[in-house]
Amino acid sequence: MMTTIRYKIMPDCAFEYFKSETPTALVVCATPGSRAMVLSSTGTLIWDALTREFQTESDIVIAISEQAGVSPDVISDDVRETLTSLHESGLIEQG
Amino acid sequence: MTNQAPTVEIPQATRVRIAHALVAAIARENHIDVLHVKGYAAPDDLYHEGRLSTDADVLVRPHQANALVQCLRGNGWRTVTSFESGSIFKHAAALWHDTWGYVDVHRSFPGFTIEPTQAFDLLWRQHNQKLIANQLCKVPSRLDHALIIAIHASRDPARGDSDTKFVLNAISDEKQELRKRAILFGAMTPYAIATNDELGLAEVQQHPDFRLWKSLASGGDRLELFRARIHAATSPQEKVKIALGSLLINKDHLQMRLDRKPSITDYLNEFRARAAYAFSMFTQRKTDGKP
């Protein structure tokens, strides 16, 4: 069951996309005093969606499934886990 | 699909930009006035493309310098060199973060001879903002940034020449304005040396600090730099302080050189080396110019 909670990147969060040896771009994000988190693959796509504005979990699932060409069912657990992890790390806020 | 990347190396340029952004967020949260200078904080067209920076440089309102250092220490940075031990100008403290690397906190800018708070106010009055790694960082105006790059270049024998040529070319229409800013900041000596400004060089050749900046620009050795510092000192007390200071062991630098905490033996060895060096300077000075 997807929640209607909206998520947004914390105002004091620093982040930047970068290239590594992986085929897709990565993103590193951190707030002052926090550990750095590096996201890849779906994680990068989730972060990309979060940069737009407050997004619900279902908004993000739909955006990514369209971008990646996969069914929403395949990625919904991944998205939920990542959002939870980002929220617990203080990198995103709920609004 | 994986969401969190396995251990990957974050490129140095990214780490430096994140450091800038985190410092901006920390300064904003703590009401500390900070200007981000040089490197990735500079307007993109003032450096040649692809030039890499190894640290994040910030200039803080002088009376807030210690507060900023404390805030950074509270957010994972640790002091490597203090304001007192950092350089002959005692202008900056270097702090290290295990993920983001070095931040150099400047409380003044070498070459600006006006009072540091006055210099900061002049820069602050015309500051711009630049988005770095998602944080708006306050930066000096384009012209002031060009001046900072040129003046810094005058004590960087490795990249100074190419940086100065590039920046002068980029602001070619505003050279006279740049010169006026150099005068305003009391920075004519390093400005004239860096830019090879003929009129300026004629003016500053008799200034006490000319030899010092010439020595810095040419990457002069320790002896030459020591003599230039003595020459630039404006009072006998200051000359004595510099001479005695050359014998004092800089704990932070020694630790960096050894890459470990110095032992008593390390201090003794260093002191012996300095004393021997001072003696050789003395004897060399006595025989200078003699057959």
Side-chain angles (χ1 to χ4, degrees), chain A residues 8-51 60 64-65 67-71 74-86 88-92, chain B residues 1-32 34 36 39-41 50 52-53 56 58 67-78 95 97-101 103 129-137:
Chain A
K8 193 183 179 186
I9 294 168
M10 289 291 284
D12 62 350
C13 180
F15 67 86
E16 186 167 290
Y17 295 89
F18 66 98
K19 289 272 172 72
S20 185
E21 287 168 2
T22 53
T24 56
L26 306 172
V27 62
V28 56
C29 36
T31 51
S34 78
R35 289 172 67 91
M37 190 178 278
V38 178
L39 302 170
S40 65
S41 194
T42 318
T44 306
L45 297 176
I46 293 168
W47 193 263
D48 208 28
L50 287 163
T51 60
I60 293 169
I64 293 169
S65 69
Q67 262 185 285
V70 294
S71 158
V74 176
I75 55 165
S76 60
D77 285 351
D78 246 6
V79 171
R80 183 171 307 130
E81 275 173 33
T82 305
L83 289 174
T84 304
S85 174
L86 289 171
E88 284 173 358
S89 302
L91 295 165
I92 59 172
Chain B
M1 284 192 271
T2 55
N3 299 339
Q4 283 188 46
T7 307
V8 289
E9 176 129 358
I10 303 167
Q12 188 176 47
T14 297
R15 283 189 270 125
V16 173
R17 282 191 286 263
I18 296 271
H20 270 295
L22 292 175
V23 173
I26 291 165
R28 192 173 58 235
E29 172 73 19
N30 291 281
H31 310 287
I32 296 173
V34 165
H36 298 251
Y40 304 119
L52 296 172
S53 289
V58 296
L68 179 63
V69 168
Q70 287 310 311
C71 289
L72 292 177
R73 285 167 64 96
N75 282 284
W77 272 271
R78 61 176 185 273
L95 288 95
H97 190 289
D98 286 339
T99 306
W100 312 120
V103 168
Q129 298 197 92
K130 183 174 183 181
L131 188 68
I132 304 174
N134 192 48
Q135 295 298 317
L136 275 175
C137 298

Name the member of B:Asn75, B:Ile26, B:Asp98, B:Ile10 that forms the most heavy-atom pairs with chain A at distances under 4.5 Å. B:Asn75

My understanding is that only one of B:Thr99, B:Val8, B:Ile18 makes a side chain to side chain contact (heavy atoms under 4.5 Å, CB included) with A:Val28; could you say which? B:Ile18

Contacting region of A:Thr31 [heavy-atom separation from chain B under 4.5 Å]: backbone

[X], part contacting chain A, at a heavy-atom distance under 4.5 Å:
X: B:Trp77; answer: neither
X: B:Glu29; answer: neither
X: B:Arg15; answer: neither

Could you give the distance from CZ (B:Arg17) to CZ (A:Phe18), rounded to the nearest 0.5 Å? 11.5 Å

Looking at A:Glu16 and B:Asn134, would you say the former's side chain and the latter's main chain have a donor-acceptor pair under 3.5 Å? no

Taking atom CD of B:Glu9 as the centre, does the number of heavy atoms from other residues, nucleotides or ligands within less than 6.0 Å exceed 12? no

Side chain to side chain contact (heavy atoms under 4.5 Å, CB included) between A:Phe15 and B:Thr14, worked out: CA-CA 9 Å; A:Phe15 67 86; B:Thr14 297; over 6 Å; no

Closest approach of B:Leu22 to A:Ala30 (non-hydrogen atoms, all atoms of both residues): CD2-O, 3.7 Å

